[in-house]
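Quick notes on the structure that follows.
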Amino acid sequence: MKLARELSELERFGPLLDALPGPSYLVGGTVRDLLLGRPPRFDFDLAVVGEAESYAQHLAERLGGRVTTHGRFGTAQVRYGTTHIDVTTARTETYAAPAALPDVAPAETIEDDLRRRDFTINAMAIALPDADLIDPLQGEQHLREKLVRVLHERSFVDDPTRIFRAARYETRLGFRMDPKTETLALLAAPDTRLLSGARIREELFAILEEDEPERTLARLHAFGVDRALGVEFPAGPTGLQDRLRRLNDAYGLGLPRWHLGLLSVRGPDGWLDDLKVIRRVADDVQAAHREEPFLRVALAGGGHTPAEIVEAVEQSGPDTPVYALASAELPALRRYFERLRGVQLEVDGDDLMALGLAESPRVGEVLGELRRRKLNGELPSRAEELAAARELITE
Ligand code: CTP
């Protein structure tokens, strides 16, 4: 099959095609997405049978781009404009032990390289510059059948990250593992515990960055991946992530998707540290899980003054209010996000000192009292804040 037309329509690919210093192969997700008619991305993976580094060097010169070499596995990256091209030496891989990083050797043909890959739909290549599809493992047929299918029985044992990947592609593409792949995933799920924390984190974050992460997590839960890792994924879509994402957008909280996603996963103390998640985020997520029931009880029912609401919120960590509101609609928290969060005094410590208050803990106390009054609507202007401050200072 020739894919010349599809390639010509692939945005940003034209200059690359014109600049190729010799034969190479477009591989990986771009081939899959091109055949599916999915929106293109601007990271291209090229495989060369031979030396990747010198190929990348020549390519960069012709494109007027820059090259970074990685050494490991014979890979180099060419950057021109906002486009990244990863150039890799076609290789074979063997695994000395389950979940170990592979031993690699140069492949003699592109087909050999395709045979080391995860799923048939990811094991296709397009020969460049001729645009011939190379599909020795029926990837194109499986795209039509909407199947995620491993290439051989040891695939998940060799590389248990592929279980996460398979579930992620199912959700993203609306595909399904074929029954044998599903059984192999189930059998290899306990091996995910052999992966390093950093590799688990990468897979988890990749899932959390995508749409409908809870659907993927629920699938992994059905395989027992979370049990193997000693954590608990939601057993079905709960809508929590949708609500968190909506609140994050509506109130401009600016939290990345992966951060919101971690709030859907329950784990023992310290599990996020094992994954090497940055400490501040790990602390905030764990605090949210711990504190949410207390905040909910503290703000249940009506009748709280604004200052009481803010005080309850400020006694908890930064993720707790958004997590609590995503878990259950609480009018008091709505009010906090919609109005109270933005309430700020117009006076500050300098104003208090100008009124004669010496630098001391009393400055903080007076500001705290002024804020309470302002929240409760008692101090509608700067003049009234100053008058109240004067009164408090002379008390
Ligand atoms: N790959 C693999 N086994 C893995 C990871 C990757 O065989 N554990 C191969 C697959 O052929 C994959 C390619 O390397 O297509 C590139 O990997 P990656 O960039 O992670 O995925 P893409 O398929 O490009 O897809 P996406 O980024 O859209 O998830």
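Both ligands and their constituent atoms are indexed starting at 1 by order of listing. Because the structure is predicted, anything quoted here is derived from the model rather than measured.
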Which atoms from ligand 1 have a heavy atom of R162 less than 4.0 Å away?
-> 2 (C), 3 (N), 7 (O), 8 (N)
Of the listed options (I163, N122, D158), which comes nearest to atom 15 (O) of ligand 1 when hydrogens are ignored and any heavy atom counts?
-> N122
Measure from the side-chain N and O atoms of T120 to the backbone N and O of Q138, and report whether any donor-acceptor pair falls under 3.5 Å.
-> no
For the side chain of D135 and the backbone of M124, is there at least one donor-acceptor N/O pair under 3.5 Å apart?
-> no
Please identify which atoms of ligand 1 are closer than 4.0 Å to at least one heavy atom of R172.
-> 26 (P), 28 (O), 29 (O)
Okay, side chain of R199, backbone of A99: is any donor-acceptor separation there less than 3.5 Å?
-> yes
Taking atom 19 (O) of ligand 1 as the reference point, the nearest protein heavy atom with its distance = D45 OD2, 4.3 Å
Which protein non-hydrogen atom lies closest to atom 25 (O) of ligand 1, naming both residue and atom, and how far is it?
-> Y169 OH, 3.2 Å
Examine the proximity of ligand 1 to F119 and report which part, side chain or backbone, both or neither, has a heavy atom under 4.0 Å away.
-> neither
Across all chains, not counting sequence neighbours, the side-chain hydrogen bond (donor to acceptor under 3.5 Å, both in side chains) partners of Y95 are E93
G29 heavy atoms within 4.0 Å reach ligand 1 at atoms 15 (O), 22 (P), 23 (O), 24 (O)
State the atoms of ligand 1, each with its element, that fall below the 4.0 Å cut-off from a heavy-atom position in T161.
-> 8 (N)
Residue and atom name of the nearest protein heavy atom (relative to atom 27 (O) of ligand 1), distance in Å to one decimal | R41 NH1, 3.3 Å
Closest protein heavy atom to atom 18 (P) of ligand 1, given as residue, atom name and distance to 0.1 Å = R165 NH2, 3.8 Å
Residues in side-chain contact (heavy atoms from CB on, under 4.5 Å) contact with Q315, at least two apart in sequence or another chain | E311
Candidate with minimal heavy-atom separation from atom 7 (O) of ligand 1, of V150, D118, D86 | D118
Specify the protein heavy atom at minimum distance from atom 14 (O) of ligand 1: its residue, its atom name, and the distance to 0.1 Å.
-> R117 NH1, 3.5 Å
May I ask you to test the V104-T92 pair for a side-chain heavy-atom distance under 4.5 Å?
-> no
Lys/Arg-Asp/Glu bridge criterion (N-O < 4.0 Å) met for E111, R115 | no
Heavy-atom closest contact (P213 atom, E210 atom, distance) | CD-O, 3.4 Å
Part of D159 with heavy atoms under 4.0 Å of ligand 1, whether side chain, backbone, both or neither = side chain
What are the atoms of ligand 1, with element, lying closer than 4.0 Å to any heavy atom of G28?
-> 15 (O)
With a 4.0 Å cut-off, would you call E384 and K374 a salt bridge?
-> no
